[in-house]
Amino acid sequence: MNASLITPVLLFSMDSDQFWAAPTTTGGLKAYYQQYGSQVDNYQIELIHFKNEDAILRWQQSWQETYLPAIKAAEQAGQQAIIGFSMYTWNAAEFLDIIHQIKAQCPNVLCIAGGPHVQQAEDYLGEDPIDIIILGEGETSFQEILDTPQRIHWPNINGIAYLENGDIHKTPERQRRKYLDELPSALDVIDLCDAEGKPLYDSISYETSRGCPFKCAFCEWGTGAIGSKMYQFSMDRVRSDWHKIVNAGIKDIWLADSNFGALKEDLEKAQLICELKEKTGLPSSFATSWSKKHSPRVQEIVLLLHKNGLLPHYQLALQTLTPLALELSNRQNMAANKYEPIARQMAAEGVPIAAELIWGLPGDNLAEFENNLDQLLKTFPNLNIFAYTLLPGTEFYEKRLEYKIETIPVAGYGKAKGEYVVACHTFDRDEGIEGYFLITAHILFAHGHLIPLAIRYLALQNGITTAPLLRTLLRAVCVEYQDDLPNLDLQDRMVVYENRATIFTCILKNPLRLYALFETEIIRYLQDTNNGHLSDATRHILSLDYALSPRCGEATKANYEFNFNAVSSKAALDCLSLPSAADLSPETHQVLCVKSPGGVGTILKDPDGGAWLRGEIEYQQADIQTVKILHPNVKPTQAIQ
């Protein structure tokens, strides 16, 4: 290599929506090469990290003015510039566009892609102008490519795929690294603050361990690049990095661990993060993917984080309760008699516990999914429901023909963004799309915190199924607001699903109109299902939902009048119990002050954050604790074994 000119290496990364974090993935590659590479002085490695699509548009200008001339100059000096992309579901479409653009202008540039989304190399090599795909852990493969970039050396680099005479060639699998402390910290090469000492990022994604012991057929974590054996960084390494993060003023730490709480050292990590919070005030929140098995250690960690105000949510990853779907997914969930007391105890203690549920898994069907939804609505204060997106590198992806899996492109982006599963051997296409419509209704009305208490109140009643009601409400919303959203065909159920964020912000512009529609449709549904005796109580609960719903505009405080015991009713529902007859009696009159943070359409643009910006009743915590202790329908919690 001619060392008279430094060769540019551009490493691209991009955040998912609403997550502005430091580029730790590409930073880790740069740090590793600087420590172990043999040609360090010959490369200028630059991290190009996009916050959103607008940042890509701004970069297009600098590409023409700065990067393109540098790459051309390297070519004229007989050197090959290198571009690398860390590809995930949320950025693959944008990155493929950039790759095509760069390769069209600079066909000789060496293009490397890695990350979970490209582990199915056959879907990209030969179709997209990618030269090398890194399979599995990328640090050492990346270093060896930079040290020996000529094609003649590629067969000697483990863990990569490339085209050879038109055919895909995969080199031997690269063995995973057992001692993670051998990897230098990405924080050694990433600027976390600007020249004035202000943090450049809101958040950081950080891994304390690698690997997942589970081999879920819908997930790439344990079966693909990550591997099933769990390895972890030392506490000294974690402690050093976390001190750097909080000293930089970064407010949120989000772990990239697959099963936090599964390792005994995870308790020490949780204690460390709480110590940092106490001493520095940071981080503000701490999120992770939790251990798939709830254990006494997990319980201790959850309660510790909650006590210290660091727990945005604790999720039990049930995913499905349907026996065949569990079997095909290689999952074995804990029995209901184990997770139900966990959920109830944590709900009673105010822990933001939630269950995860996926619609569209092979082996499921709409009728059983609806039963699962009803069961979990009675058990968990929150549900996170996801549509199943078929991802490359997973078992279901490989068995799509066997299970007759039918898909449609995610949001029109084709393979780059993944594929929605709309049918398989256990449900047809119409049933599949109706399932998307149902989960849209739940995402908007329950997860978006529009009528979560009313839905829970009705779910706790005997003889009421919530799924038909949710779909009824969404169909009514689609009819009512079609003129407000003329560019969307709200009769198309997949259009409704894909545009749920737009619908959410639209319907909240006039809360009175929305809640009048809710009341009309719910009362009609109750009468049609011979449950009219619940109408008055449901109206009471709806009035409480109205007062607490997310709002547009600035933060406000307002008084609301209730002709029932709203405080006691909410306390019961928060603990997954029905309000008593006395709670709902119209003889009680309460005036409550509700503080609303506002922000719908500005801070909050989709229903996923509805609970974060809900209204809060301003009462003394002691009052609500007294209600929980004395309420006849709130059962004492039992110790979890």
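The structure displayed is predicted, hence computed values, not measured ones.
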The criterion is side-chain contact (heavy atoms from CB on, under 4.5 Å); which residues satisfy it with [X], sequence neighbours excluded?
X    : result
E75  : I71, K72, C106, N108
P129 : I99, H100, K103
S38  : D147
E265 : Q232, L263, K269

Please check this pair: side chain of [X] against backbone of [Y], looking for a donor-acceptor N/O pair closer than 3.5 Å.
X    : Y    : answer
T394 : Y397 : yes
T148 : E144 : yes
T171 : G159 : yes
Q119 : G136 : yes
E137 : R177 : yes
D131 : C111 : yes
S329 : R331 : no

(message) Apply salt bridge (charged side-chain N to carboxylate O under 4.0 Å, His left out) to residues K51 and D202 and explain how you reach the verdict.
(response) CA-CA 11 Å; K51 185 175 184 178; D202 299 329; 5.0 Å; no
Report the residues that fulfil ring-ring contact (aromatic ring centres under 6.0 Å, His included) with [X], sequence neighbours left out, ordered by chain and then residue number.
X    : result
Y32  : Y36
F12  : W59, F85
F380 : Y339

(request) Please identify each residue that fulfils salt bridge (Lys or Arg N to Asp or Glu O under 4.0 Å) with R237, with sequence neighbours left out. (result) D241
(message) Which residues pass the salt bridge (Lys or Arg N to Asp or Glu O under 4.0 Å) test with E356, not counting sequence neighbours?
(response) none
(message) If the condition is side-chain hydrogen bond (donor to acceptor under 3.5 Å, both in side chains), which residues does Q175 pass it with, not counting sequence neighbours?
(response) none
(message) Taking side-chain hydrogen bond (donor to acceptor under 3.5 Å, both in side chains) as the definition, give me every residue that meets it alongside H449, ordered by chain and number, with sequence neighbours left out.
(response) none
Does any donor atom in the side chain of [X] or [Y] lie under 3.5 Å from an acceptor atom in the other side chain?
X    : Y    : answer
Y67  : E46  : yes
R174 : S141 : yes
E349 : Q345 : yes
E65  : Q61  : yes
S284 : D252 : no
H447 : N384 : yes
E164 : W154 : no
S209 : D257 : yes
D15  : H49  : yes
D181 : S234 : yes

Taking the six-membered ring for Trp, is the centroid-to-centroid distance between [X] and [Y] below 6.0 Å?
X    : Y    : answer
F260 : F286 : yes
Y314 : W290 : yes
H169 : Y162 : yes

Answer whether the closest heavy-atom distance between the side chains of [X] and [Y] falls below 4.5 Å.
X    : Y    : result
S285 : L310 : no
I48  : L11  : no
L192 : L200 : no
Y33  : E139 : no

Specify the closest pair of heavy atoms between [X] and [Y], including all atoms of both residues, with the distance to one decimal.
X    : Y    : value
I250 : Y201 : CG1-O, 3.8 Å
F142 : I134 : N-CD1, 4.0 Å
G261 : S295 : O-OG, 4.4 Å
L304 : C274 : CG-SG, 3.7 Å
I443 : I385 : CD1-O, 4.0 Å
T26  : S13  : OG1-OG, 3.6 Å

So, taking the atom named [atom1] in [X] and the one named [atom2] in [Y], what distance separates them when rounded to the nearest 0.5 Å?
X    : Y    : atom1 : atom2 : value
D123 : I130 : CG    : CD1   : 10.5 Å
I98  : M14  : CD1   : CE    : 8.0 Å
L311 : I301 : CG    : CD1   : 11.0 Å
R500 : D608 : CZ    : CG    : 6.5 Å
I160 : I145 : CD1   : CD1   : 5.0 Å
Q80  : I82  : CD    : CD1   : 6.5 Å

(request) Evaluate whether atom CG of L57 has more than 12 neighbouring non-hydrogen atoms of other residues, nucleotides or ligands under 6.0 angstrom away. (result) yes
(request) Quick one: which residue pairs count as a salt bridge (Lys or Arg N to Asp or Glu O under 4.0 Å) with a foot in residues 271-282, not counting sequence neighbours? (result) none
(request) Test E173 against N158 for side-chain hydrogen bond (donor to acceptor under 3.5 Å, both in side chains), laying out the working first. (result) CA-CA 6 Å; E173 179 182 357; N158 289 345; over 6 Å; no
(request) For the pair E182 and R176, find out whether any cationic side-chain nitrogen is under 4.0 Å from an anionic carboxylate oxygen. (result) no
(message) Once you measure the plane-to-plane angle for F233 and Y206, does it fall in the parallel (<30°), tilted (30-60°) or perpendicular (>60°) bin?
(response) tilted
